[in-house]
Student: 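What follows is a structure written as structure tokens; I'll ask about it next.
This one's a predicted model, so the numbers in the text were calculated from it and none came from an experiment.
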Amino acid sequence: MPELPRSLVRSWSSTLKLPKSTFPARVTPADQTKYLKRCTDELYAWQRRERPADRPFVLHDGPPYANGELHVGHALNKILKDIICRVQLAQGKRVRYVPGWDCHGLPIELKALVQQKELGETGGSIGAAAIRKAARKLAGKTVKEQMKGFRSFGVMADWEGHWKTMDKEFEKRQLGVFREMVEKGLIYRRFKPVYWSPSTGTALAEAELEYKDDHVSTAALVKFPLVSLPPTLAQDPLVQVKDLSAVIWTTTPWTLPANAVIAVHESLEYAIVQSDTHGQLLVAQSRLEYLENLLKEDLTVIIPSILGSQLADQTTYRPLFKSVEAEPQPIIAADFVTADSGSGLVHCAPGHGMDDYEACVPRGIPAFAPVDDQGRFTDKAMPKDPARLSGKSVLGDGNAAVLEYIDSEGFLLAQHQYEHKYPYDWRSKLPIIIRATEQWFADVADIRGRAVRALEDVKFVPASGKQRLENFVKNRSEWCISRQRAWGVPIPALYHRGTGDAVLTKDSVSHIMSVIEQRGIDAWWTDDQSDPAWIPPALQGESGPGYRRGTDTMDVWFDSGTSWAEIDIPPRDGHPADVYLEGTDQHRGWFQSGLLTYISHQLASGETTAPRAPFRTLITHGFTLDEEGRKMSKSIGNVIHPQPIMDGTLLPPLKPRKGKGKKQQENQGPVYDALGPDALRMWAAGSDYTRDVVMGKQVLQTVNTSLHKFRVTFKLLLGALSDFQPSDQLPYGQLQQVDRMALMHLSEMVLACRKACNDFEFYKAVNAMNRWANLEFSAFYMEAIKDRLYTYGENSISRRGAQTTLFHIYQYLQEVLAPITPLLIEETWEHAPETIRSHCEHPLKRIASPPPVEWQDHSLGTDYHDLAAVSSVIKALQEQARSKKQLGSSLQSFVHLVLPEDNPSDSALQRTLSELPDLFVVSSVTVGAHGEPLPAALAEAEWQYSEAYELPSGGKGAVYVYTPPAGKCPRCWRYVVPEPQASEEALCDRCEDVVQELDAKVQ
């Protein structure tokens, strides 16, 4: 073909190899559903079929509560779990992740109760059955709604095989674990103080408490008249026993009617003092000043020093709320009495205090709690005048009535408002009380030692979680597992109608389980109370009133705590699950209940090996906060729901600039109209979840910018690889130095990401990816190779070398992002050239392999830093020229480098001389030794700028940036056409060769 006349205008852009790709610049909402199904349900099913069964990975789901809408806290939890599973999938494991739901408990029951009241239902067994029916329906509906939300986050799981604590099979397994504990003697019934919620009418576990720091109580200083003293004191002429009283201080005056003893500490010193108003008083020496301040009077010391050991078991006092004929009560010794609070003497009510109970029971002093389920005094609170207290709330008018009576009798020394930490019911957000009732307990004291030992081989993330969980276990002696509710798994106990004695044995539980298997668990409430089918044969022959079924249900923490039993893979090394992951509040909740029930199961099964926890790794995350650092709460109105994040309504759309078209709008950056699940996932992965995590518009904009950067990167990669086949790859030895540097950077990023993911520190992986994408890939490598990609011949070694490098980048970037943004990766596969798809495995199914060792050449890092140091000086000088309108494109400049005085002959600047124009994105680079004359063109240049540079190694040289002494090539835009030939049509020699080759092909 004859050469085209240069007078004709030719579109040189048609001869360039510009990137071409079908990959869209923005997320396409219509495609999201398609990609979502592929990278979740279909991928989970594929790996369950294809991955080897002998390489399992089990992440056991801490069941969310089936009540209410999902918020970003749910998203954080579920997405973190999914990222972990996908990391393991990339390591060749077969993942087992079966989602679960906690369906029993009070909040659902309360909603059901409201519904039943609206329908006019009554109480009793029929009412309980109706409540259970309504609660089951309510929980089932919520599970479906929440599951839809969880699936929309891109979570890969066995959704069809999900479990619920209200499922028949789950309840059966739970009762089986309970039976094992009964057989081992770990379940017992006792009348003792428990946390009781008057607002919800049930006992609570410690995990169901929230502590309010600013609770205000009416504290009182009260005196109890002494009846007898140790002989040495009674004979002292200064002591007037009839006028002497022991002084106690309490923040719960309502417990005084249940007072049984007063406690002192054996080693504390006490004093008897004289008050002009209140007679003689017994108080700890260390609390005299405190007492004087409250009484607002100076006290005279009568007896300065009496050891608590002298008073204990030799001193009695008169109770305040019993009849005059009542027996005097003792002063005893107890270790919990301290010298730095109150009066140094402690009023003890074993029916309303845990420590009080432990101190009194060994002495044969029974617990007494004259308070009903609603937290109101009964007639027994004050037998000599029942009407005075009966029916009054102990947290309200009952407390005031106690103080009023004590004051009227002259026993109230002082009262004041006292702000302190106090437990609240975490559901009703109202204060609780401690109250002795008949409850069922699991004996933790016998197994806590084994439970603590079981944590020795557990990995904790963060590491501080180990101490936190250990402390909760060590400080717990028993677990109240009974609840006075209708919606839950029944405690399968029978009670003698005459004596009230409970029957709970392995055989009785087995019999009841068999009836439940036949009739369903609701029959426990719906069957007639006289139905003999529930009574084991061994008890049916007894004469007398017979037995009735109990109405207590199990603590919901026992429900979810036994969920490890649903794992159908045999435990490896004794651990059913590889990972448990929940919020940090679960150290006192699900983590603990799961650990204790599993240790009990091991004991009951007769296992003699070292105790094991149900989890191999325990991970905790913080709470979600708004941008002001406040915990998200409905009452504040700052709760963020996941859907607006995914559909983009949480952020306003970007407005197009006036007079600009759609293309210009796209170039501004992301438009926040449909971020999709990947935005939510990038936020979760990019957060240091071991602390509280912030979510808000500003955070999301940062996340979206990061996502957009990766999207643009993939569009560029796919465009550059549109004519590339994996068989076109060049061996590492044929790559240019800049390509090798790019692979070194890629290798460092990939290794950093994999280490971070293996350590469950996903935010470090995201940081590494962002840094690489913005600096080492975009700002360095892509800038350096654009000329090679677009202007060189299609099959030239230089261009294929760049494509080979980009192909590696494309594959490894897919692999590191796959666990975090699976929809984006699925989309990159959808739009990949067929030549790549036919030769490569799907990125979500690949088993990750480490980057080749040859890429990890640390000497390249030194070269890179040297070149980057010089490049930064060049760019600064170019900016000076731009500020004076002397420079547009960086190609419109030549660079001359003066090498450092002690520059070695194999320095990076000399070894990569031929690549320096590409690296610095200029038209020409020349170098000269220190002291050599500068190029003549420099002196003749229209403008020039110079600056010294310093290499990281310490070598110092100079940079000169000046006007190109050549013409611009209209095809590659480089100023490399010799001046005599320069014209609008004259190509540089390289471009001339490429064009001629293209013309020859056309011919």
Student: When the ring planes of H71 and H74 are compared, do they come out parallel, tilted or perpendicular, using 30° and 60° as the limits?
Tutor: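 Tilted, since the angle between the ring planes falls between 30° and 60°.
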Student: Which residue is it: I599, L595, V458? I am looking for the one with a side-chain contact (heavy atoms from CB on, under 4.5 Å) to P614.
Tutor: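 In the set I599, L595, V458, the residue that makes a side-chain contact (heavy atoms from CB on, under 4.5 Å) with P614 is L595.
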Student: Rounded to the nearest 0.5 Å, how far apart are CH2 of W590 and OG of S560?
Tutor: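 Separation between the atoms: 7.5 Å.
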Student: Which value, rounded to the nearest 0.5 Å, describes the distance between R38 atom CZ and E830 atom CD?
Tutor: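 These two atoms lie 4.5 Å from each other.
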Student: Do the side-chain N and O atoms of K709 and S778 include a donor-acceptor pair separated by under 3.5 angstrom?
Tutor: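 Yes, side-chain donor-acceptor contact under 3.5 Å.
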Student: Under a 4.0 Å threshold between the charged nitrogen and the carboxylate oxygen, would K466 count as salt-bridged to E456?
Tutor: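 Yes, charged N to carboxylate O under 4.0 Å.
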Student: Without swapping roles, check the side chain of R94 against the backbone of L89 for a donor-acceptor pair under 3.5 Å.
Tutor: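 Absent.
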Student: Ring pair (Phe, Tyr, Trp, His ring centres under 6.0 Å), that's the test. Do H745 and Y864 meet it? Break it down for me.
Tutor: CA-CA 10 Å; H745 290 146; Y864 169 74; 4.2 Å; yes
Student: Is it the case that the ring center of H621 lies less than 6.0 angstrom away from the ring center of Y689?
Tutor: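 Here the rings of H621 and Y689 have centres that are no less than 6.0 Å from each other.
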Student: Report yes or no: do Q736 and S798 form a side-chain donor-acceptor pair below 3.5 Å?
Tutor: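 Distance-only check passes for Q736 and S798.
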Student: Name the orientation class of the two ring planes belonging to Y781 and F777 (parallel below 30°, tilted from 30 to 60°, perpendicular beyond 60°).
Tutor: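 Ring orientation of Y781 relative to F777: tilted.
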Student: Rounded to the nearest 0.5 Å, what separation is found between the CG atom of L455 and the CG atom of L618?
Tutor: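 Those atoms lie 8.5 Å apart.
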Student: Checking H575 side chain against P571 main chain: does a donor-acceptor pair fall under 3.5 Å?
Tutor: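 Looks like no, no N/O pair under 3.5 Å.
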Student: Hey, are the side chains of I640 and M632 touching, using non-hydrogen atoms and a 4.5 Å cut-off?
Tutor: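 Yes, at least one pair of side-chain atoms sits under 4.5 Å.
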Student: Looking at D692 and G622, would you say the former's side chain and the latter's main chain have a donor-acceptor pair under 3.5 Å?
Tutor: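 A pair under 3.5 Å: no.
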Student: Side chain to side chain contact (heavy atoms under 4.5 Å, CB included) for V738 and R788? Distances and angles first, verdict last.
Tutor: CA-CA 12 Å; V738 69; R788 292 164 60 192; 3.3 Å; yes
Student: As an exercise, state the distance from OG of S21 to CG of L717, rounded to the nearest 0.5 Å.
Tutor: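 Between S21 OG and L717 CG, I get 9.5 Å after rounding to 0.5 Å.
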Student: Side-chain contact test, heavy atoms from C-beta onward, threshold under 4.5 Å: evaluate it for F23 versus R711 and give yes or no.
Tutor: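 Result yes, sub-4.5 Å side-chain heavy-atom pair found.
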Student: Measure across S849 and E815 and return the closest heavy-atom pair with its distance rounded to 0.1 Å.
Tutor: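 So the two residues come closest at N-OE1, 4.3 Å.
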Student: Do R151 and E160 sit within salt-bridge range, that is, some charged N less than 4.0 Å from a carboxylate O?
Tutor: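 Yes, R151 and E160 are salt-bridged.
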Student: May I ask you to decide if P726's main-chain N or O and Q729's side chain share a donor-acceptor pair within less than 3.5 Å?
Tutor: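 Indeed, once roles are kept as given, a pair shorter than 3.5 Å links the two residues.
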Student: Between the side chains of K764 and D759, is the shortest nitrogen-to-carboxylate-oxygen separation below 4.0 Å, so that they form an ion pair?
Tutor: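 Between K764 and D759 there is no salt bridge, as every charged N stays at least 4.0 Å from the carboxylate O atoms.
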Student: Under the salt bridge (charged side-chain N to carboxylate O under 4.0 Å, His left out) criterion, do E776 and R771 qualify, and how do the steps go?
Tutor: CA-CA 7 Å; E776 293 149 352; R771 184 174 59 251; 5.2 Å; no
Student: Would you check if F807 and C840 make a side-chain contact, meaning some heavy-atom pair closer than 4.5 Å?
Tutor: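 They are in side-chain contact.
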Student: Check the side chains of T702 and W683 for a donor-acceptor pair under 3.5 angstrom, ignoring hydrogens and angles.
Tutor: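 Looking only at side-chain atoms, T702 and W683 do not form any donor-acceptor pair under 3.5 Å.
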Student: Can the ring centres of W855 and Y812 be said to be less than 6.0 Å apart?
Tutor: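 When the ring centroids of W855 and Y812 are compared, they turn out to be within the sub-6.0 Å range.
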Student: Between K715 and P24, is any pair of side-chain heavy atoms under 4.5 Å apart?
Tutor: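 SC-SC contact between K715 and P24 ruled out.
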Student: Is a side-chain N or O of D167 found less than 3.5 angstrom from the main chain of E169, in a donor-acceptor match?
Tutor: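 It does not hold such a pair.
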Student: Would you find a donor on one side and an acceptor on the other, under 3.5 Å apart, between the side chain of R612 and the backbone of R572?
Tutor: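 Between the backbone of R572 and the side chain of R612 there is no qualifying donor-acceptor contact (under 3.5 Å).
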Student: Given L806, which partner from the list L718, L721, D739 fulfils the side-chain contact (heavy atoms from CB on, under 4.5 Å) test?
Tutor: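 Among the candidates, only L721 passes.
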Student: Show your reasoning for whether side chain to side chain contact (heavy atoms under 4.5 Å, CB included) applies to R51 and I847.
Tutor: CA-CA 10 Å; R51 287 293 165 82; I847 297 177; 3.7 Å; yes
Student: Rounded to the nearest 0.5 Å, what's the gap from CD1 on I809 to CD on Q803? Could you check?
Tutor: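 I809 atom CD1 to Q803 atom CD measures 12.0 Å (nearest 0.5 Å).
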Student: Counting distance only, does the side-chain N/O of T597 pair as donor-acceptor with the main-chain N or O of G561 below 3.5 Å?
Tutor: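 Yes.
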Student: Using atom types as modelled and distance alone, determine if a side-chain donor or acceptor of N704 lies under 3.5 Å from a backbone N or O of L700.
Tutor: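 Answer holds: no.
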Student: Can you measure from CG (D578) to CG (L59) and round to the nearest 0.5 angstrom?
Tutor: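 Between atom CG of D578 and atom CG of L59 there are 8.0 Å.
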Student: Does R740 count as lying over the ring of Y732, i.e. NZ or CZ under 6.0 Å from the six-ring centre, within 45 degrees of the axis?
Tutor: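 Yes.
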Student: Quick check with a 6.0 Å cut-off and a 45 degree axis cone: is K78 positioned over the face of F150's six-membered ring?
Tutor: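 So K78 does make the cation-pi contact.
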Student: Looking at R48, I want to see if its CZ is surrounded by more than 12 non-hydrogen atoms of other residues, nucleotides or ligands under 6.0 Å.
Tutor: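 Count over threshold, so yes.
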Student: Under a 4.0 Å N-O cut-off, is there an ion pair linking R616 with D457?
Tutor: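 No.
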Student: Going by atom types only, do Y97 and D61 share a side-chain donor-acceptor pair under 3.5 Å?
Tutor: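 There is such a pair (donor and acceptor under 3.5 Å, judged by atom type) between the side chains of Y97 and D61.
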Student: Under a 4.5 Å cut-off applied to non-hydrogen side-chain atoms, are E566 and W163 in contact?
Tutor: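 Touching, per the 4.5 Å side-chain cut-off.
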Student: Under 4.0 Å between a side-chain nitrogen and a carboxylate oxygen: does that hold for D723 and R799?
Tutor: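 So D723 pairs with R799 through a salt bridge.
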Student: Taking C-beta and beyond as the side chain, do L625 and V693 meet within less than 4.5 Å on heavy atoms?
Tutor: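 SC-SC contact between L625 and V693 ruled out.
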Student: Should the pair R837-E834 be classified as a salt bridge under the 4.0 Å nitrogen-to-oxygen rule?
Tutor: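 Salt bridge present between R837 and E834.
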Student: Indicate yes or no: does E761 engage K755 in a salt bridge with an N to O separation below 4.0 Å.
Tutor: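 So E761 does not pair with K755 through a salt bridge.
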Student: Might you point out which heavy atoms bring D102 and P63 nearest each other, and give the distance in Å?
Tutor: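 Nearest pair, atom of D102 first, then P63: N-CB, 3.4 Å.
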Student: Measure the acute angle between the ring planes of W101 and W159, then classify it against the limits of 30° and 60° as parallel, tilted or perpendicular.
Tutor: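 Aromatic pair W101/W159 classed tilted.
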Student: Quick check against the 3.5 Å criterion: does Y810 have a side-chain atom that pairs as donor or acceptor with the backbone of T828?
Tutor: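 Present.
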Student: What I want to find out is whether R96 reaches D158 closely enough, with some N-O distance under 4.0 Å, to be called a salt bridge.
Tutor: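 So R96 does not pair with D158 through a salt bridge.
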Student: Any salt bridge linking K34 with E826? Criterion: basic side-chain nitrogen under 4.0 Å from a carboxylate oxygen.
Tutor: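 No, K34 and E826 are not salt-bridged.
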Student: Quick one, V766 and I820 - any side-chain contact, counting heavy atoms below 4.5 Å?
Tutor: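 Yes, their side chains come closer than 4.5 Å.
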Student: Test your reading of the model: is there a side-chain donor-acceptor pair from T804 to the backbone of L730, 3.5 Å cut-off?
Tutor: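 Answer holds: yes.
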Student: When you compare the side chain of P833 with that of I836, does any pair of heavy atoms fall below 4.5 Å?
Tutor: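 Yes - at least one pair of side-chain heavy atoms lies under 4.5 Å apart.
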Student: Using a cut-off of 6.0 Å, state whether more than 12 heavy atoms not belonging to E69 lie near its atom CD.
Tutor: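 Open: at most 12 neighbouring heavy atoms sit under 6.0 Å from CD of E69.
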Student: Report the C-alpha distance between F615 and V579 in whole Å, list the side-chain angles of each, state the deciding distance to 0.1 Å, and finish with yes or no for side chain to side chain contact (heavy atoms under 4.5 Å, CB included).
Tutor: CA-CA 6 Å; F615 36 79; V579 169; over 6 Å; no
Student: Should the ring pair Y580 and H60 be called parallel, tilted or perpendicular, given that the plane angle runs from 0 to 90° and is split at 30 and 60?
Tutor: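 Rings of Y580 and H60: tilted, as their planes differ by 30° to 60°.
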Student: Could you please spell out the steps behind the side chain to side chain contact (heavy atoms under 4.5 Å, CB included) verdict for Q856 and L751?
Tutor: CA-CA 10 Å; Q856 300 160 41; L751 293 174; 3.8 Å; yes
Student: Ignoring hydrogens and geometry beyond distance, is a side-chain donor-acceptor pair present between R846 and Q814 at under 3.5 Å?
Tutor: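 On atom types as modelled, these side chains qualify, holding a pair under 3.5 Å.
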